[in-house]
Enquirer: 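Please find one structure pasted underneath; my questions will follow.
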Amino acid sequence: MRRIRTIEGISIMYLVYFTITLYFTPRLFVAEQTDLYDALELVSPNQDTWEIIGMLLIIIYCISFFLKHWVSRVFANFVGGSFFMLICVTYMFTYPNIGGGIFLFISIYCFREVYIASNDHEDSKVAMQKKKLEQLEKECDRNNNR
């Protein structure tokens, strides 16, 4: 199991809150007749679809926690960042408040995590190449000393 980053913990906690809220209030989108909920329904046809998306994202994050490969970390954070950016844009155009800012913050940090994961992978490749070069130099030195 890999180390869970702070933004991943925040993302999964919000996703759990989001999914549970939609599950226990199945008529939330019908009861709330605001531009925000109308915009969310334009993105996805109904509340059940949003609930499924939330559950799928939770599953993606949980699976990525058990995989140490950098691609799983990149994929989970890219999908999570896209989801939060979608919510953020919906807030910004229909109901601008602090919620939009929070979603923007979470989304940006998810995308930042994608960048960090990519850099970590490249750094490990460079370190491996340096190690090979050092071993090669040692072999050359041993051969020259003979």
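Every value quoted in this text rests on a predicted model; they were computed, and no experiment measured them. Note that these values count all heavy atoms, side chains included, but never hydrogens, waters or copies made by symmetry.
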Enquirer: Which distance, rounded to the nearest 0.5 Å, do you find between the CG of Leu56 and the CG of Leu15?
Expert: 10.5 Å
Enquirer: Do Leu67 and Arg73 have side-chain heavy atoms sitting under 4.5 Å apart?
Expert: no
Enquirer: Are Val79 and Met55 linked, directly or through other ILVMFWY residues, by side chains that come within less than 4.5 angstrom of each other?
Expert: no
Enquirer: Would a single hydrophobic cluster contain both Ile59 and Phe65, if residues Ile, Leu, Val, Met, Phe, Trp and Tyr are joined by side-chain heavy-atom contacts under 4.5 Å?
Expert: no
Enquirer: If you apply the rule salt bridge (charged side-chain N to carboxylate O under 4.0 Å, His left out), what do you find for Lys125 with Glu122, and how did you get there?
Expert: CA-CA 5 Å; Lys125 285 177 22 181; Glu122 291 301 316; 3.4 Å; yes
Enquirer: Could you tell me the separation between the CG atom of Leu86 and the OG1 atom of Thr90, rounded to the nearest 0.5 Å?
Expert: 4.5 Å
Enquirer: Backbone N or O of Lys132 within a donor-acceptor pair of the Gln135 side chain at under 3.5 Å?
Expert: no
Enquirer: I'd like to know whether CZ of Phe78 has more than 12 heavy-atom contacts from other residues, nucleotides or ligands below 6.0 angstrom.
Expert: no
Enquirer: Just how far is it from atom CZ of Arg27 to atom CG of Leu22, taken to the nearest 0.5 Å?
Expert: 14.0 Å
Enquirer: With the side chain counted from C-beta on, respond yes when Val74 and His121 share a heavy-atom pair under 4.5 Å apart, and no when they do not.
Expert: no
Enquirer: CG/Leu136 to NZ/Lys131 distance, rounded to the nearest 0.5 angstrom?
Expert: 14.5 Å
Enquirer: For Leu28 and Gln47, which heavy atoms make the closest approach, and how far apart are they?
Expert: N-OE1, 3.1 Å
Enquirer: To check you understand the geometry: which heavy-atom pair defines the closest contact between Gly80 and Cys110, and what is its length?
Expert: C-SG, 4.3 Å
Enquirer: In the single-linkage hydrophobic clustering (I, L, V, M, F, W, Y; side-chain heavy atoms under 4.5 Å), do Ile63 and Met13 co-cluster?
Expert: no
Enquirer: Flag the pair Trp50 / Glu41 as yes when at least one side-chain heavy-atom distance between them is below 4.5 Å, and no otherwise.
Expert: no
Enquirer: Between Ser72 and Arg2, is any side-chain donor less than 3.5 angstrom from a side-chain acceptor?
Expert: no
Enquirer: Considering non-hydrogen atoms only, spot the tightest contact between Gly100 and Cys88 and give its length.
Expert: O-SG, 3.3 Å
Enquirer: Drop me the distance from Asp141's CG to Glu139's CD, to the nearest 0.5 angstrom.
Expert: 10.5 Å
Enquirer: Applying side chain to side chain contact (heavy atoms under 4.5 Å, CB included), run through Phe111 and Ser82 and close with a yes or a no.
Expert: CA-CA 8 Å; Phe111 290 126; Ser82 299; 3.9 Å; yes
Enquirer: Would you check if Leu133 and Gln129 make a side-chain contact, meaning some heavy-atom pair closer than 4.5 Å?
Expert: no
Enquirer: Just wondering, more than 12 heavy atoms not from Phe75 lying within 6.0 Å of its CZ?
Expert: no
Enquirer: Is there a side-chain contact between Asn77 and Tyr61 (heavy atoms, below 4.5 Å)?
Expert: yes
Enquirer: Do Phe83 and Ile53 have side chains that get closer than 4.5 Å, going by heavy atoms?
Expert: yes
Enquirer: I want to know whether Tyr109 and Phe105 have ring centres closer than 6.0 Å.
Expert: yes
Enquirer: So, Thr21 side chain and Tyr17 main chain: donor-acceptor pair closer than 3.5 Å or not?
Expert: yes
Enquirer: Using the rule that Ile, Leu, Val, Met, Phe, Trp and Tyr join whenever any side-chain heavy atoms are under 4.5 Å apart, tell me whether Ile52 and Ile60 fall into a single cluster.
Expert: no
Enquirer: Classify the ring geometry of Phe84 against Phe103: parallel below 30°, tilted from 30° to 60°, perpendicular beyond 60°.
Expert: parallel
Enquirer: Would you please name every residue forming a side-chain contact (heavy atoms from CB on, under 4.5 Å) with Asn46, sequence neighbours left out?
Expert: Asp48, Thr49
Enquirer: Look at the side-chain heavy atoms of Ile, Leu, Val, Met, Phe, Trp and Tyr, link any pair under 4.5 Å apart, and say whether Met85 and Tyr115 land in one connected group.
Expert: no
Enquirer: If I compare all heavy atoms of Ser11 with all of Ile106, which pair ends up nearest, and what's the gap?
Expert: OG-CG2, 3.7 Å
Enquirer: Please name the pair of heavy atoms, one in Ile58 and one in Ile12, separated by the smallest distance, quoted to 0.1 Å.
Expert: O-CD1, 4.0 Å
Enquirer: Taking all non-hydrogen atoms of both residues into account, name the closest pair between Tyr23 and Glu51 and its distance.
Expert: CD1-OE2, 3.1 Å
